[in-house]
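First comes the structure, then the notes that go with it.
Side-chain atoms are counted along with the backbone in the values below, which use heavy atoms only and exclude waters and symmetry mates. Here the structure is a predicted model, which means the values were calculated and not measured. When a ligand or atom number is given, it counts from 1 through the structure's own listing order.
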Amino acid sequence: MSPHDPLSLRVTPLESFPPMERWDDWTEYDPAAWPRKVERRYMLVPTTCFNCEAACGLVAYVDRDSMKIEKLEGNPHHPGSRGRNCAKGPATLNQIDDPGRILYPMKRVGPRGSGRFERASWDEVLDALAARIRRALLEERRTEVMYHVGRPGHDGYMDRVLQSWGVDGHNSHTNVCSAAARLGYALWTGADRPSPDHENAKLILLLSSHLETGHYFNPHAQRIIDGKLKGAKLAVVDVRLSNTASMADWWLAPWPGTEALLLLAMARVILVERLYDREFLENWVNWRETLRQLAPGAPESFERFVDELIRHYAYATPEAAEAECGVSAGTIVELARAIGAAGRAFASHVWRNAASGNLGGWQVARALEFLCALVGSIGARGGTNLNTQDKFVPPPFLRPPPQSVWNELLYPREWPLSHHELSYLLPHMLLEGRGKLDVYFTRVYNPVWTNPDGLLWEQVLRDESRIGLHAALTPIWSETAQYADYVLPMGLGAERHDLMSQETHAAKWIGFRQPVLRVARERLGERIEWTHQANPGEVWEEDEFWIALSWRIDPDGSLGVRRWYESPYRKGERISVDEYYRWIFENSVPGLPEEAAKKDLTPLEYMRRYGAFLVQEGTYEGHAKKLAADELEGAEFDAAGTVTRAGKAIGVVADGSARAGFNTPSRRCELYSRTLADWGWPEHALPGYIESHVHRRHLDRAKGEYALVPTFRLPTLIHTRSGNSKWLYELSNTNPVWIHPEDAEQLGLASSDLVRLTTRIGHFVNKVWITEGMRPGVVACSHHLGRWRLNPDGAGWASALVRRDEIGPGRFRFRRIEGIRPFESADPDSKRVWWSDGGVHQNLTFPVQPDPVSGMHCWHQRVAVERARDGDLYGDVVVDTALSMQVYREWIALARPAPGPGGLRRPLHFARAVRPAPEAYRIPAATAGQA
Ligand code: SF4
């Protein structure tokens with residue numbers, strides 16, 4: 001046997017992926033040593049990506065000699081991602097090795113915002129935080145402790161922590177992300193996300209650039225391609241020719257904000273041409289109630305319902321839609337017929353895109369789900385399921401009771417139907433004196449940079465009278481971390497525990513994120529108490545941090561906090577993170593203990609070894625599940641086929657059986673929403689069209705006004721955490737303004753010329769990219785670029801050094817001093833940085849624009865576009881903070897505040913993040929008139 005014969009080596013010749021039985025000791029050639037054949041020995045440890053919400057599986061290759069992670073690849077055992085990742089998954093390695101990352105807890109030593117910190121110990125940090133939170137709890141200040149999350153990355157863990165403290169303190173980023181689409185979906189079915197079965201669809205309609213940058217983009221993208229390979233057609237609605245649109249059979253680029261009308265016009269064609277699924281509509285949609293609203297007193301007939309619906313949507317003819325949306329009537333009819341022909345195999349999705357850009361964007365999701373309901377694709381194979389059917393969240397041991405307080409800084413009265421917290425209005429509300437915070441945690445969250453109106457965030461974060469203590473839990477320095485009192489290094493995807501599940505396809509699964517180096521060392525027999533003992537530096541993980549902090553808040557158990565952190569296996573002792581997950585895997589995941597036993601593993605060992613578990617496949621038609629005999633005890637049936645108990649609908653009769661139906665008050669898909677009518681929006685109770693704030697009627701073309709679409713991102717960027725990935729920044733480091741050639745000509749612009757874009761509160765200066773892939777009359781600029789730093793230290797892959805000057809009362813200008821450049825570090829690549837741009841930040845110049853119904857920030861902007869003026873420089877950002885509050889108040893005036901029926905703050909059947917006890921929903925009579 002020749003020494004070059006692969007069989008003579010321990011290296012496996014051709015494997016698509018190392019077989020599981022060799023994950024403890026896998027040998028392969030070092031590609032960097034080529035052409036020499038140098039063997040490397042690895043231990044393979046699965047984990048879950050943390051760089052977007054999709055939770056794809058990763059496998060870390062830990063070098064057995066150095067015990068260092070050398071690369072990350074996809075986990076073939078993961079049911080959602082099936083071994084495939086986008087560029088951001090493997091780039092986790094850059095984040096781990098980033099020379100600029102924070103490795104130790106830091107505490108502020110200068111004034112807040114001075115940027116001066118010194119190293120602290122975890123003990124010191126825990127003591128300081130615990131004492132302050134304990135005092136707040138003892139003094140019943142249960143709305144003054146707030147946890148504000150950017151990237152969640154776990155299912156339910158934090159809810160448990162906050163409820164164990166009895167505070168109403170969960171804040172999220174959802175209202176700058178997806179709240180509008182969620183509301184539109186939830187009003188239909190009670191489930192706030194769609195779960196399209198792309199793989200088995202005949203027609204896929206996306207209102208997003210889903211294949212590249214959309215929600216769940218890798219797990220969905222691979223299944224969209226699978227569907228296309230099986231013959232599915234793809235239609236994309238996007239004002240830009242995205243990479244996704246470039247692969248579509250139909251690309252529709254309506255005027256921004258008119259998408260709902262475009263979809264309603266298709267719905268009308270389906271109604272007029274009788275392409276709908278009568279059986280689905282009759283059984284599962286509240287057509288009788290809808291008919292009663294459309295034609296009070298009319299005979300209850302399905303035909304009459306359809307006729308009345310057509311009459312109601314008389315404004316949505318294809319011709320009218322063409323005139324309003326700028327998409328030809330012929331295309332609208334053609335696509336509507338294709339949707340009708342696909343029938344139940346019609347998969348669709350909107351998440352951010354038009355829903356998050358426009359006033360009334362939630363109606364885009366209402367209109368899109370209307371199409372699904374018409375053709376009966378909700379819950380069908382190849383159709384559009386509910387996220388609740390495809391996501392699995394196993395309950396932990398012991399659940400604390402819901403908190404009895406309601407925090408109006410989270411859910412203010414003006415937006416009783418907001419789908420999530422009015423998070424991005426926090427500074428405005430604090431400045432209005434609506435409350436204050438004693439302890440504020442930001443968690444992988446950078447609101448100064450991510451949110452609109454970032455300068456107001458800066459203002460309140462500096463102000464210790466409004467925010468007593470700010471602890472930033474973050475893996476990276478950020479524009480927000482510099483205003484923290486404590487900067488606490490938290491682990492990346494390979495450095496922490498979390499349990500996640502996402503609705504990636506027609507199945508339920510769980511994925512386990514784990515600290516790879518800890519697991520590798522434990523496989524070798526080491527015993528490790530805390531994850532920060534195995535991670536780089538003293539990087540910790542939140543799971544253990546919250547356990548340790550809660551234990552110190554209540555050391556003797558007198559506050560009633562400690563009991564939630566006592567081990568279910570060792571009475572009275574503090575739970576370990578192993579025990580937390582061990583209990584879940586042993587008790588809450590159907591099928592896992594049996595599957596593990598087949599492999600002679602405990603459930604926890606199974607999850608540590610495989611990283612994911614498929615709970616159920618083929619999760620279709622959950623609404624058609626028959627109600628069991630015990631569920632029907634005491635139930636009544638009405639003539640319309642509704643099953644009720646104690647006056648509350650619990651199911652519907654379909655095909656002769658009582659079935660679960662949907663999680664709505666009527667248990668049917670709610671075409672007519674009584675909730676909207678009862679809570680002040682009767683004119684929008686049916687899917688409809690709301691004119692956007694950037695409708696072209698509002699644009700003064702003589703003043704050079706355009707609609708700016710800022711809601712897309714480049715596919716290789718994350719959010720703030722792209723900044724510690726050299727590979728991702730090498731790929732994407734500039735975000736010019738997209739503009740159509742006709743508009744460029746009118747403005748006298750050539751490619752790369754500088755333009756000034758002026759919003760209501762400021763302006764930014766960027767270069768242009770002239771492209772026919774943009775709708776004329778509209779401009780677009782991707783977010784997720786334009787990082788800045790005020791401190792000359794801390795150069796890295798992503799941030800420009802800027803000067804921040806107050807150029808008038810409350811008027812600030814950020815001006816670049818220096819772009820990105822090569823820098824000294826332990827990573828030799830830092831001297832090879834060839835890019836200098838880094839893009840331009842735009843969000844600072846956006847006022848807050850809360851939708852009056854969903855509470856979603858309406859991202860699109862009305863902007864005046866002009867050639868840059870004398871003295872303007874690339875990257876300039878100017879903001880007038882006095883105007884910020886003015887625009888905020890203009891938008892608040894559009895809202896219709898609570899109380900709603902029964903004196904409530906919010907409908908009881910609506911989901912709410914970390915839901916309080918029912919009594920907290922009632923507005924105290926003494927304050928009922930205050931909004
Ligand atoms: S799609 Fe999201 S979770 Fe999957 S690899 Fe990319 S960034 Fe990670």
Side-chain angles (χ1 to χ4, degrees), residues 17 45-61 69 71-96 98 150-155 173 177-178 193 195-196 198-199 206 208-226 242-244 349 351-352 387 390-391 444 475-476 491-505 507 509-514 516 611-612 712-729 731-732 782-784:
F17 203 86
V45 183
T47 187
T48 301
C49 182
F50 189 53
N51 282 339
C52 87
E53 196 177 10
C56 296
L58 293 173
V59 172
Y61 284 61
I69 301 172
K71 62 175 174 176
L72 292 115
E73 295 188 340
N75 178 2
H77 302 286
H78 190 289
S81 55
R82 304 183 292 190
R84 305 171 210 174
N85 297 113
C86 77
K88 295 180 282 192
T92 301
L93 183 67
N94 294 164
Q95 299 170 316
I96 293 169
D98 179 33
R151 166 59 39 233
H154 62 78
D155 286 327
H173 73 276
C177 175
S178 57
R193 299 176 183 213
S195 180
H198 293 305
E199 192 175 352
L206 303 175
S208 78
S209 46
H210 220 97
L211 278 173
E212 66 206 82
T213 59
H215 202 58
Y216 305 159
F217 95 84
N218 163 46
H220 274 182
Q222 52 179 270
R223 291 176 173 87
I224 292 168
I225 296 300
D226 288 349
S242 62
N243 293 343
T244 312
H349 201 290
W351 198 236
R352 299 177 185 111
N387 65 320
D390 291 341
K391 183 177 170 92
V444 196
I476 182 175
L492 297 154
E495 297 168 341
R496 52 187 299 122
H497 286 96
D498 290 302
L499 191 54
M500 285 193 73
S501 176
Q502 295 296 11
E503 54 278 11
T504 55
H505 64 296
W509 53 264
I510 51 168
F512 194 29
R513 187 173 289 127
Q514 46 183 357
V516 163
F712 69 103
R713 74 172 167 207
L714 305 177
T716 49
L717 292 181
I718 312 166
H719 292 261
T720 302
R721 285 160 296 132
S722 315
N724 49 351
S725 171
K726 59 186 179 185
W727 294 340
L728 299 182
Y729 253 76
L731 289 167
S732 306
S782 80
H783 54 282
H784 295 76

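Shown here are the side-chain hydrogen bond (donor to acceptor under 3.5 Å, both in side chains) partners of N724, two or more places apart in sequence or in another chain: there are none.
The tally of protein N/O/S atoms under 2.8 Å from atom 2 (Fe) of ligand 1 stands at 1.
No cation-pi contact links R193 to Y216, judged by a cut-off of 6.0 Å to the six-membered ring centre and 45° from its axis. For the pair R513 and F50, the cation does not sit on the ring face, since its NZ or CZ is not both under 6.0 Å from the ring centre and inside 45° of the axis.
Counting only N and O atoms by type, the side chains of R713 and H719 include a donor and acceptor under 3.5 Å apart. Q95 and R721 form no side-chain donor-acceptor contact under 3.5 Å, judged by distance and modelled atom types alone. Side chain to side chain, H198 and H505 fail the donor-acceptor criterion of an N or O pair below 3.5 Å.
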